[in-house]
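The block underneath contains the structure these notes are about, expressed in structure tokens.
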Amino acid sequence: CCEDRNPENRLGVACVEWTSPQSLLPPGLLLVDTPGLDAFGHDAHEELTLRQFLPMADLVLYVTSIRNPFKAPDLALVGALMENDQRALFVLSQCDVETDEVQGGRVRRTAEDKVARHLGRLNQDVKRHTSLPAFGVVAVSARRGQRGFATRAGAEWQSSNLDALVSRLAGLATDLESVAVSARVRR
């Protein structure tokens with residue numbers, strides 16, 4: 001499923017499904033990785049994501065990097081979500097790249113403070129640009145999660161904040177299930 005082994009999708013791959021017995025996802029929740037919105041020279045990706053995929057999604061797990069938060073394509077995504085009255089969970093990734101800011105041998109601002117500032121800014125942007133039933137913003141570090149995945153108890157795993165993400169996803173899955181049941185009862 002990479003461009004190197006299947007240039008221009010000559011093999012006609014429409015979907016790649018991956019499962020794992022060690023998955024942290026709540027049962028019944030299916031994640032789909034859509035084409036990117038701001039891939040230079042790939043305008044069809046944006047059209048495919050915004051107009052074909054999003055209208056079918058129950059929930060959008062919007063992942064943005066701490067180094068590249070909210071840009072113009074992001075706002076287009078938010079606008080498309082608002083059109084479809086969908087739910088969203090915003091994930092701020094790569095939080096492990098922040099380091100303490102040191103000046104004159106003293107810590108001027110900790111990495112944790114800097115991540116909190118990024119989270120606050122993303123929360124403000126979400127509130128300012130959307131009227132979505134948002135389930136908040138979660139900051140994560142996949143790198144730390146990967147290093148601590150085997151035990152899921154150590155400091156690396158705890159600092160990854162992936163438990164908080166999984167907990168929010170479980171809450172969303174429950175919420176979506178109750179919405180589906182209510183819709184069936186109304187019909």
Side-chain polar contacts of residues 142-150 - donor-acceptor pairs under 3.5 angstrom, sequence neighbours left out - could you list them?
| unit_1 | atom_1 | unit_2 | atom_2 | d |
| --- | --- | --- | --- | --- |
| R143 | NH1 | D96 | OD2 | 2.8 |
| R147 | NE | E156 | OE2 | 2.9 |
| R147 | NH2 | E156 | OE1 | 3.3 |
| R147 | NH2 | E156 | OE2 | 3.3 |

By salt bridge (charged side-chain N to carboxylate O under 4.0 Å, His left out), which residues pair with R108, not counting sequence neighbours? E101
According to salt bridge (charged side-chain N to carboxylate O under 4.0 Å, His left out), who are the partners of E112, at least two apart in sequence or on a separate chain? none
Quick one: does any side-chain atom of D100 pair with a main-chain N or O of V107 as donor and acceptor, under 3.5 Å? no
Test side-chain contact (heavy atoms from CB on, under 4.5 Å) applied to R10 - qualifying residues, sequence neighbours left out: N6, P7
Residue pair [X] / [Y]: nearest heavy atoms and the distance that separates them:
X	Y	value
S141	L162	O-CD1, 4.4 Å
N9	V13	OD1-N, 2.8 Å
L24	R152	CD2-NH1, 3.7 Å
V138	R168	CG2-NH1, 3.3 Å
N161	A139	ND2-O, 2.8 Å
Q94	S65	OE1-OG, 2.6 Å

Taking C-beta and beyond as the side chain, do [X] and [Y] meet within less than 4.5 Å on heavy atoms?
X	Y	answer
L119	L92	yes
V115	I66	yes
L165	L169	yes

Excluding sequence neighbours, so at least two apart, what forms side chain to side chain donor-acceptor pair (under 3.5 Å) with S167? none
For D163, check side chain to side chain donor-acceptor pair (under 3.5 Å) against everything at least two apart and list the hits. W157
